[in-house]
Amino acid sequence: MNTYLLAADEVNPLAPHPVEIIVGLIAFGLLLWVLAKTVFPQFEKIYAERTDKIEGGLKRAEEAQAEANRLKQEYQEQLDGLRAEAARIRDDARAEGQQIKAELRAEAESEAARIRARAEEQISAQRESAVRSLRGEIGGLSSQLAERIIGSELSDPARRAATVDSFLAELDGLGSRQVAPTAGAN
Amino acid sequence: MTTMATAPAPGFESPGVEDFQLPPIFGPVTKPVLELVLAAIIVVVLFRLAVRKPQLVPGKMQFMGESFHGIVRNSIAKDMIGKAFLGYVPFLTALFAFILVNNLFGIIPFIQFPTFAHPGVPYALALVVWVVYTWVGIRHHGLGGYIRISTWPPDVPWWVRIILTPIEFLSNIILRPVTLSLRLFGNMFAGHLLLLLFILGGEYMLFTADSILLKILSPFAFLMGIVFTFFEAFIQVVQAYIFVMLTASYIGTVLADDH
Amino acid sequence: MNIVGNLNTLGYGLSAIGPGIGVGIVFAAFINGVARQPEARGQLQGIAFIGFALSEALAILGLVLAFALSA
């Protein structure tokens, strides 16, 4: 026990060694100075660059995404526009077709009406000419008839009737040859 | 220990504080002094290699450097300090690297002495930390504000304050650097003593002791030494981490507005 | 029986009891927390290590006092 106490008296492990303190402080101070001046700023710079790069990449990806969305919407709008355009064109064509059909029908109807009118005109003209020629002939015929009647006995009604009948039959035979179409038309 | 001295050969001298008195190599320069310089050189060289060719997609060295820096930056400084953490990251990272390398010297072959098993540098580093967080606190709150947040917890009845304020003063202003340095020193010291005990004990059992039984059992002592070497590696990393963590936490508490 | 040694060592042994329990409690709570909320692991880890360090400080103080008061 005595030796231990003596030894403890000689060397207390808690007593600092001045040389160590001085050298330690200088070494640590230099270490801190060199590292803080040259090494740690580099680390911080690299961290900042890395963060920047990652965030920049994310931002770029976001921008590309937005661009793609925008383009897609644009194409969608264009497509919708085209579709509407096509429908419109189809409707137009249909309407035009209807219109053309109606026009053609109207034209055909008017044409038919025109043809009918002309035919009626012609018919009336022919009748007129027939009437005119009849009028001319009727004078002669009447006078002939009158001659005959006057020439034969007017007193005998049966003869008179036979005369008229034969005259008419004559006229008929004449009419069937000449006047029949006009008479038939009437 | 006394049971081991049953052999007639010279009894086992258990390793003690004398083993931490290392002979000077030249002048006043001892092994820990060289280790301190070596640690600073190693840290600087490794970090310089890491940023030799900085690229967005990091190489192996750069990735390791960035991971180390990132741990201190994102899981220590950001969590503990809050939004103004960026300015303290260089200090914390340098502190972490310096302490870690010095601690790991304890298990690196041929060096095998944790620098901070001597208390001088832990004292000095804790003092630096104390100066830093006191200065930050005074700059942020003013002298009165700093003392108030350190000793005057809000919403406490006056009769509790009589006891609490001295305790807070003691723990926040005086004991913080003391425990900070002693924790580091104590762990390194005890860990090194533990390894010494197993290795020297095994050596004694193998070479000095007369008993055949002890010679046969000596591999177990070495095996335990190896197991505790791994355990020490863990402790050394954890202690460096805790030192930096607590530093960041102290800076965080003096920066907090609502405390 | 003759016992040789330093009483301070015994003192250190006693001073290590409390911190031992304390560290156990700290990490038990940490494990519980992580088991309940695995995503909070990162935050809890820092707090757990601070708690561990604060508890452990007492044991370290005991160790140091064992040397400091032995003179």
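Protein chains get the first letters and strands the later ones, always in sequence-line order, with residue 1 at the start of each.
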Asks: Where does Gln55(B) contact chain A at under 4.5 Å (heavy atoms): side chain, backbone, both or neither?
Replies: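 Only the backbone of Gln55(B) comes within 4.5 Å of chain A.
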
Asks: State the CD1-CG distance between Ile42(B) and Leu31(A), to the nearest 0.5 angstrom.
Replies: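 Those atoms lie 11.5 Å apart.
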
Asks: Considering only heavy atoms, which portion of Leu35(A) lies under 4.5 Å from any heavy atom of chain B: side chain, backbone, both, or neither?
Replies: side chain

Asks: Chain B heavy atoms under 4.5 Å from Lys45(A): which part of the residue, side chain, backbone, both or neither?
Replies: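 Neither the backbone nor the side chain of Lys45(A) comes within 4.5 Å of chain B.
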
Asks: Given that the side chain runs from C-beta out, which part of Val39(A) has a heavy atom under 4.5 Å from chain B: side chain, backbone, both or neither?
Replies: both

Asks: Between CG of Leu125(B) and CG of Leu25(A), what distance do you get to the nearest 0.5 Å?
Replies: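 Atom-to-atom, Leu125(B):CG and Leu25(A):CG are 6.5 Å apart.
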
Asks: Which residues, numbered in order, of residues 20-29 of chain B come under 4.5 angstrom of chain A by heavy-atom distance?
Replies: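 From residues 20-29 of chain B, the residues near chain A are Gln21(B), Pro28(B).
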
Asks: Identify whether the distance between the nearest side-chain nitrogen and carboxylate oxygen of Lys31(B) and Glu20(A) falls below 4.0 Å.
Replies: no

Asks: What distance separates Thr38(A) OG1 from Phe47(B) CZ, expressed to the nearest 0.5 Å?
Replies: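 Reported value, rounded in 0.5 Å steps: 10.5 Å.
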
Asks: Identify the two heavy atoms, one from Gly120(B) and one from Pro16(A), that lie closest to each other, and give their separation to 0.1 Å.
Replies: CA-CB, 3.6 Å

Asks: Indicate the atoms forming the closest heavy-atom contact of Glu66(B) with Ile46(A), along with that distance.
Replies: OE2-CG2, 3.5 Å

Asks: Where along residues 72-90 of chain B does a heavy atom come under 4.5 Å of chain A, listed by residue number?
Replies: Arg73(B), Leu86(B), Pro90(B)

Asks: I need the Phe43(A) CZ to Thr93(B) OG1 distance, nearest 0.5 Å.
Replies: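 Answer rounded to 0.5 Å: 9.0 Å.
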
Asks: Between the side chain of Tyr123(B) and the main-chain N/O of Ile21(A), is any donor-acceptor distance below 3.5 Å?
Replies: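 A pair under 3.5 Å: no.
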
